[in-house]
2 protein chains.
Amino acid sequence: MGRVSQTETAVLGGLSVQPMTGYALREAIREVLGHFWSESFGQIYPTLAELERAGHVQRLGSGRTDASRFAITPSGTARLKQLLAQPVQPVRPRNGLLLRLFFGRQLGPAACRSLVQEAKAEAERALARYRTLRQELQEEQEHAEDRPYWLLTVAAGEHSARAAIDWADEALGALDELDRSRQRSHPPKERSTG
Amino acid sequence: MGRVSQTETAVLGGLSVQPMTGYALREAIREVLGHFWSESFGQIYPTLAELERAGHVQRLGSGRTDASRFAITPSGTARLKQLLAQPVQPVRPRNGLLLRLFFGRQLGPAACRSLVQEAKAEAERALARYRTLRQELQEEQEHAEDRPYWLLTVAAGEHSARAAIDWADEALGALDELDRSRQRSHPPKERSTG
DNA sequence: CCGGTCATGTAATCGGTTACATGATTCG
DNA sequence: CGAATCATGTAACCGATTACATGACCGG
């Protein structure tokens, strides 16, 4: 019961697309699933070993030389389907940015502003990445069956990034307003302005 | 260095708003920070004990009877400001829904559809919660200084929920299209339709 | 030959959850 | 009085990351 590791799903899923080495698997996860998933070597290799023992994957070529790619077996495909059908495990949210903003009074509007600006810049970078990713996927010829599903996850990233940008703009406005009203009640020392 | 537990931030932050028992702290975190933060008792109580040892919080009233509320001390406030100024720790994303959708080919359009629909319903519930939360915050008289910051985090929730709903609609359309094109190439057995 | 990348693995550690144990208080 | 809620805490466990160790291979 407890043993419904989502790493197993990610690994089997990756190999269901094409055979790969553990290393390549991690790269693929970083590059393509990166915006909604992550795995470390410390998870991937033991999982791969376990899956091999269970007969869900097998090595093509062996040893370090002629690096051993892993391929999914029929029982592995069955296992993957079973895992995918499991209910989605609720994520425990931990958003460090919002935690800081919630207690933003202790930081003051200026520091909050730069936090939000940083978040906005990050969301813009992410949005740009999703666009090139979408482009790449649409141009690719292989994996035609998988592509529509992959595009779904890219679209999720795009929506979420755009939402982050919109929110950031709104938040920056609110913080400016807050800063102005604070300056009205606590006017700063006079400064030469011309 | 390693010891920059964000739990410490959340606990000190909570007590910076008002003195509370450990239990109340957890309730407050669930109800108000729930959409971007979570803490369990197993984290809160040890952290509270540690903070007390360090002099960052102190008990008002003691023992089990006349339940001991914790209040933040001046050194605790200083510590909180220091913690809030730390760079935001990047989150390792793990979105079970998108993981399933990415390998959606193994599940088929219908199962994916119900996953997305479930996600949409959840986002709609969340959006409704944010609206009442916003209402409650705007009506409240206390904590006037904190309120603008709190509203920022609620706005983040609203934007993100709306984005999730928009994405879900788009995804449902795409999945329907996929289903139709699949039926065209694999026509189902004839069925009486009148 | 050297530095970077590809590749595989393990051990220590950690942040965090779950489950359990315990008991006070409150309200119907 | 009994059930629900308030309240505090601990121990076991677990998924996951980090750091470390090792070495092949390739290009300049």
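Proteins get letters first, then strands, A, B, ... in listed order; numbering begins at 1 in each. Every value quoted in this text rests on a predicted model; they were computed, and no experiment measured them. Hydrogens, waters and symmetry mates are skipped; everything else that's a heavy atom, side chains included, is used.
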Exercise for the section: Please tell me which of the listed nucleotides, D:dG9, D:dT17, C:dT17, lies nearest to the side chain of A:R92? Expected result: C:dT17

Problem - B:I44 CD1 to D:dC6 P, straight-line distance once rounded to whole Å - result: 14 Å

Practice task
Starting at atom CD of B:E52, determine the distance to atom C1' of D:dT8, rounded to an integer number of angstrom.
Solution key: 13 Å

Exercise for the section: Assign the ring pair B:Y23 / B:F41 to parallel, tilted or perpendicular, where the plane angle (0 to 90°) is split at 30° and 60°. Expected result: parallel

Problem - Cationic N near anionic O, under 4.0 Å, B:E177 to B:R180 - result: yes

Problem - Minimum heavy-atom distance B:G14-B:L25, with the two atoms named - result: CA-CD1, 4.0 Å

Handout entry: Of the listed nucleotides C:dT8, D:dT10, C:dG15, the one nearest the side chain of B:P46
Key = D:dT10

Exercise for the section: Considering just the side-chain nitrogens and oxygens of A:S68, establish if one lies under 4.0 Å of OP1 or OP2 belonging to C:dA7. Expected result: no

Fill in the blank from the handout: Note: contacts of residues 10-31 of chain A with DNA chain C (heavy atom, under 4.0 Å) are A:T21, A:G22, A:Y23

Exercise for the section: Inspect the contact between B:E140 and B:R147 and indicate whether a charged nitrogen and a carboxylate oxygen are less than 4.0 angstrom apart. Expected result: no

Practice task
Please state whether the rings of B:H143 and B:W150 are parallel, tilted or perpendicular, taking 30° and 60° as the class boundaries.
Solution key: tilted

Practice task
Identify which nucleotide among C:dA7, D:dT17, D:dA7 has an atom closest to any side-chain atom of B:Y45, counting heavy atoms from C-beta outward.
Solution key: D:dA7

Completion exercise
Rounding to 0.5 Å, atoms CG (B:L151) and CG (B:L137) come to a distance of 5.5 Å

Exercise for the section: Please determine if a side-chain N or O atom of A:T47 lies less than 4.0 Å away from the OP1 or OP2 oxygen of D:dG15. Expected result: no

